[in-house]
Amino acid sequence: MARTSKGSKRKQAQAVKAVATSTPSTLSRRTLMRWAGVAVGGAVLMGAGGAWAVSSFKTSVEERDLSRVGQGQPTIVQIHDPQCPICNALQRETRAALKRLATEKPVYLIADLTQTEGAMFAQRHSVPHVTLLLFDAAGNRLQTLSGSKTRDELEPIFAQHTR
């Protein structure tokens, strides 16, 4: 029978003690506060993200409501294909030009060609995508702007449209 030396017994005892002390029996206050801070920060970020998503969705739905044409306010309708990079650029430039206006802003709507209502609207007015249609308060079409435009080109047109 083999004898174990004193060194081996000591190493075994230290290993058993290390395993016994490595399992957490309670959380320290510092650890608990750290995790609480992470949880609160996560909740704030999730809430802010949710609020932004709801606001963005609401704006998107309002912009696609083409029944607002002729409801007492000058309106701009963009014939828009979301897959078209030129349409997306025109949308960015249009929104930037509208933000610059010092006068009352016209209603800005999107006739999305991927949706039935938007495609029918474009067909009724016989216009392709990358087009802006300007309507008066009664819903009469005043002007058609075809092709890509910059915010500097659009701003004076929109300012005159709201007069």
Side-chain angles (χ1 to χ4, degrees), residues 4-69 71-122 129-134 145 147-159 161-162:
T4 57
S5 67
K6 284 185 176 181
S8 294
K9 287 181 182 178
R10 190 172 355 119
K11 287 181 183 178
Q12 286 176 349
Q14 287 174 348
V16 169
K17 185 178 179 183
V19 169
T21 60
S22 69
T23 57
S25 57
T26 60
L27 290 174
S28 69
R29 181 181 172 137
R30 178 174 289 165
T31 303
L32 185 62
M33 294 304 286
R34 184 180 310 131
W35 281 107
V38 168
V40 168
V44 167
L45 286 175
M46 292 293 287
W52 174 82
V54 167
S55 173
S56 177
F57 178 76
K58 183 180 174 188
T59 301
S60 177
V61 168
E62 287 176 357
E63 280 185 346
R64 284 167 171 71
D65 181 11
L66 297 173
S67 67
R68 295 172 60 194
V69 174
Q71 297 296 317
Q73 289 185 296
T75 308
I76 298 169
V77 179
Q78 179 180 353
I79 310 302
H80 181 72
D81 179 1
Q83 301 301 318
C84 171
I86 300 170
C87 290
N88 292 328
L90 179 60
Q91 187 177 42
R92 277 191 305 274
E93 293 298 312
T94 301
R95 286 182 173 151
L98 288 170
K99 283 182 183 177
R100 288 181 175 183
L101 288 180
T103 62
E104 182 182 341
K105 293 170 180 40
V107 175
Y108 175 62
L109 301 175
I110 303 289
D112 188 343
L113 294 176
T114 62
Q115 296 179 357
T116 306
E117 185 182 9
M120 289 174 55
F121 187 87
H129 66 296
V130 194
T131 303
L132 294 172
L133 302 175
L134 283 67
L145 304 173
S148 183
K149 306 275 187 245
T150 66
R151 60 190 77 182
D152 294 330
E153 293 171 308
L154 293 172
E155 186 180 359
I157 296 169
F158 294 166
H161 180 61
T162 57

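Everything quoted here is computed from the prediction, not taken from an experiment.
Side-chain contact between C84 and V130 is present, with at least one heavy-atom pair separated by less than 4.5 Å. Within the 4.5 Å cutoff, the side chain of L98 has no heavy atoms near those of the L154 side chain. In this structure, the side chains of S148 and L90 stay at 4.5 Å or more apart for every pair of heavy atoms. The shortest side-chain heavy-atom distance between L134 and L145 falls under the 4.5 Å cut-off. Contact of the K149 side chain with the E93 side chain is not registered, since no non-hydrogen atoms from C-beta on lie closer than 4.5 Å. Within the 4.5 Å cutoff, no side-chain heavy atoms of T75 are placed close to those of R68. Residues V77 and V69 form a side-chain contact, since some pair of their non-hydrogen atoms from C-beta on lies under 4.5 Å apart.
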For this session: Would you sort out whether L132 and T94 count as a side-chain contact (heavy atoms from CB on, under 4.5 Å), showing the intermediate values?
Result: CA-CA 9 Å; L132 294 172; T94 301; 3.7 Å; yes

Exercise. Run the side-chain contact (heavy atoms from CB on, under 4.5 Å) check on T114 and D81 step by step: do they pass?
Worked result: CA-CA 7 Å; T114 62; D81 179 1; 4.1 Å; yes

For this session: Go through H80 and H129 one step at a time and tell me if the side-chain contact (heavy atoms from CB on, under 4.5 Å) criterion holds.
Result: CA-CA 5 Å; H80 181 72; H129 66 296; over 6 Å; no

Exercise. What do the steps show when you test Q78 against Y108 for side-chain hydrogen bond (donor to acceptor under 3.5 Å, both in side chains), and what is the final call?
Worked result: CA-CA 8 Å; Q78 179 180 353; Y108 175 62; 2.5 Å; yes

Problem set entry | side-chain contact (heavy atoms from CB on, under 4.5 Å) evaluation trace for V107 with I76 | CA-CA 6 Å; V107 175; I76 298 169; over 6 Å; no

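The two residues A122 and I79 come nearest to each other via the heavy atoms CB-CG2, 3.7 Å. When all heavy atoms are compared, the tightest approach of D152 to P156 is O-CD, 3.2 Å.
A distance of 15.0 Å separates OG1 of T116 from CZ of F121, quoted to the nearest 0.5 Å. Rounding to the nearest 0.5 Å places CD of Q71 at 8.5 Å from CG of D65. Rounded to the nearest 0.5 Å, atoms CZ (R34) and CZ (R29) are 13.5 Å apart. Here CZ of R95 is found 12.5 Å from CZ of R151. Values are rounded to the nearest 0.5 Å. Atom NZ of K99 sits about 12.5 Å away from atom CG of L101, to the nearest 0.5 Å.
Residue L32 qualifies as enclosed at atom CG: its count of foreign heavy atoms under 6.0 Å is above 12.
Using modelled atom types, one side-chain atom of E153 and one backbone atom of T150 make a donor-acceptor pair closer than 3.5 Å. Although no hydrogens or angles enter the test, the distance criterion places no donor-acceptor pair under 3.5 Å between the side chain of D112 and the main chain of R64.
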